[in-house]
Amino acid sequence: MLLSNNPKVVIKAVLVISALFFYDTFWDLFLSLLHYLFGILHLMFEFCEHTLERLIEHLFHVDPRTAEVLVFYVMLSIGAYATLKLIQLLPDCYRALVEQVTAYWQQSKAETLGYWQAQSLKGKIQWGAVFMVGMLGMVLWLSS
């Protein structure tokens, strides 16, 4: 029987089949949702900017042009501070990422080496034959 009674297997099979047949529809849906998300974020930004301008106008009794310039420099300062903090955070994130990738590589290498050492001579020859046929197929495909 192809599908079992396990609902997770059925759901995964339906999702895979749907993704294969309707990939363009899903891609279009994803891009549309992303567009709407950016639209909503832009509206929220404009609302915050407008509210800050009105607040500065009323608190400091300035004209709208001056409030606009003040809001620009306040937002520029906030953006510069956020960029500075991000630049300070990036080396630590990079170091952690390199450590995780190195640990994963070492673990995968150890597992592969253990699997290879557990193989019989016949199994090693079969793996070598599969590798050679695969490489030959790629060379023939690339050179045609």
(message) Could you tell me if Y115 and Q119 have a donor-acceptor pair between their side chains, going purely by distance under 3.5 Å?
(response)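 The answer is yes; a qualifying pair exists.
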
(message) Within the 3.5 Å criterion, strictly below it, is a donor on D28 or T25 matched to an acceptor on the partner's side chain?
(response)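 Side chains of D28 and T25: no pair found under 3.5 Å.
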
Is there a chain of hydrophobic side chains (I, L, V, M, F, W, Y, each step under 4.5 Å between heavy atoms) that links [X] to [Y]?
X	Y	result
F131	L140	no
L52	F72	no
Y104	L97	no
I17	F22	yes
I40	L29	no

Look up atom [atom1] in [X] and atom [atom2] in [Y], then write down how far apart they are to the nearest 0.5 Å.
X	Y	atom1	atom2	value
R65	E53	CZ	CD	10.5 Å
L121	I125	CG	CD1	4.0 Å
L31	Y36	CG	OH	12.0 Å
K85	L90	NZ	CG	13.0 Å
S120	Q126	OG	CD	7.5 Å
F47	H42	CZ	NE2	14.5 Å

Specify the closest pair of heavy atoms between [X] and [Y], including all atoms of both residues, with the distance to one decimal.
X	Y	value
I56	V62	O-CG2, 4.0 Å
F45	M75	CE1-CE, 3.3 Å
H58	H61	O-CE1, 3.6 Å
D63	E57	O-CG, 4.3 Å

(request) Check the surroundings of atom CH2 in W127: do more than 12 heavy atoms from other residues, nucleotides or ligands lie under 6.0 Å from it? (result)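 No, not enclosed.
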
(request) Flag yes if more than 12 heavy atoms outside K124 fall under 6.0 Å of its NZ atom; otherwise flag no. (result)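 Correct, the count exceeds 12.
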
(request) Look at the side chain of S108 and the backbone N and O of W105, then say whether any donor-acceptor pair between them is shorter than 3.5 Å. (result)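 No: the side chain of S108 does not pair with the backbone of W105.
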
(message) Using a 4.5 Å cut-off between side-chain heavy atoms of Ile, Leu, Val, Met, Phe, Trp and Tyr, which other residues end up in the same hydrophobic cluster as L43?
(response)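 Listed partners: none, L43 stands alone.
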
(message) Quick check: do F26 and S18 have side-chain heavy atoms less than 4.5 Å from each other?
(response)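 Yes, their side chains come closer than 4.5 Å.
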
(message) In the structure I gave you, are the side-chain heavy atoms of C93 and L89 within less than 4.5 Å of one another anywhere?
(response)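 Yes, side chains in contact.
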
